[in-house]
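Notes to accompany the following structure.
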Amino acid sequence: MAIEQNLLNKVKTSLRISHNVLDDDVTDTIEACLADLKVCGIAKQPDDKLVLNAVKLFCKAAYTCDPGKAAAYQARYDSLKSCLMMAEGYGGFTNGSE
């Protein structure tokens with residue numbers, strides 16, 4: 001999966017990364033998040049604001065050095081993912097679907 005440069009830049013800004021040394025690693029982490037969301041049935045693209053927020057939380061959990069903060073970011077990601085899985089238009093059922 002090719003990650004758009006705009007998405008990479010937004011995530012790097014969120015992580016306070018201003019260099020390009022970690023671009024491949026950050027890209028891999030973004031792809032892992034998007035794959036996780038896809039497996040859970042979340043159909044929106046990364047340009048959606050809630051999906052972008054989920055990607056940022058996932059990456060912050062992966063890149064923080066503080067285990068407590070990492071756990072908090074992961075919990076926030078998991079909560080957002082759960083909400084998206086149930087939300088209509090993201091992964092939840094639409095009216096009339098079962």
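Since the structure is predicted, the reported quantities are computational estimates derived from the model, not experimental observations. Below, all heavy atoms of this structure are taken into account, side chains as well, without hydrogens, waters or symmetry copies. By convention here, the first residue in the shown sequence is residue 1.
Between the OH atom in Y73 and the CG atom in D78 there is a gap of 15.0 Å [rounded to 0.5 Å]. The distance from atom NZ of K69 to atom OG1 of T64, rounded to the nearest 0.5 Å, is 6.0 Å. The OH atom of Y63 sits 6.5 Å away from atom CD1 of I17, with the distance rounded to the nearest 0.5 Å. Put simply, OG1 on T27 and CD on E4 are 12.0 Å apart, with the number rounded to the nearest 0.5 Å.
In plain terms, the two heavy atoms of C65 and P67 that are nearest each other are O-CD, 3.3 Å. Smallest separation of non-hydrogen atoms from L80 and L50: CD2-O, 3.6 Å. Here the shortest heavy-atom pairing between K44 and G89 reads CE-O, 3.0 Å. Between C33 and A54, the shortest heavy-atom distance links the atoms SG-O, 4.0 Å. Minimum interatomic distance between C40 and K81 (heavy atoms only, all atoms of both residues): SG-CD, 3.8 Å.
Within the 4.5 Å cutoff, the side chain of L34 has heavy atoms near those of the P46 side chain. Within the 4.5 Å cutoff, no side-chain heavy atoms of L37 are placed close to those of F58.
Side chain of S14 to main chain of K10: no donor-acceptor pair is present (N/O by atom type, distance under 3.5 Å, no hydrogens or angles).
Shown here is D66, whose CG atom has more than 12 heavy atoms of other residues, nucleotides or ligands within 6.0 Å.
Only one option out of T13, N9, L8, L15 pairs with V11 in a side chain to side chain contact (heavy atoms under 4.5 Å, CB included); it is L15.
The list of side chain to side chain donor-acceptor pair (under 3.5 Å) pairs with a residue in residues 45-61, not counting sequence neighbours, reads D48-Y90.
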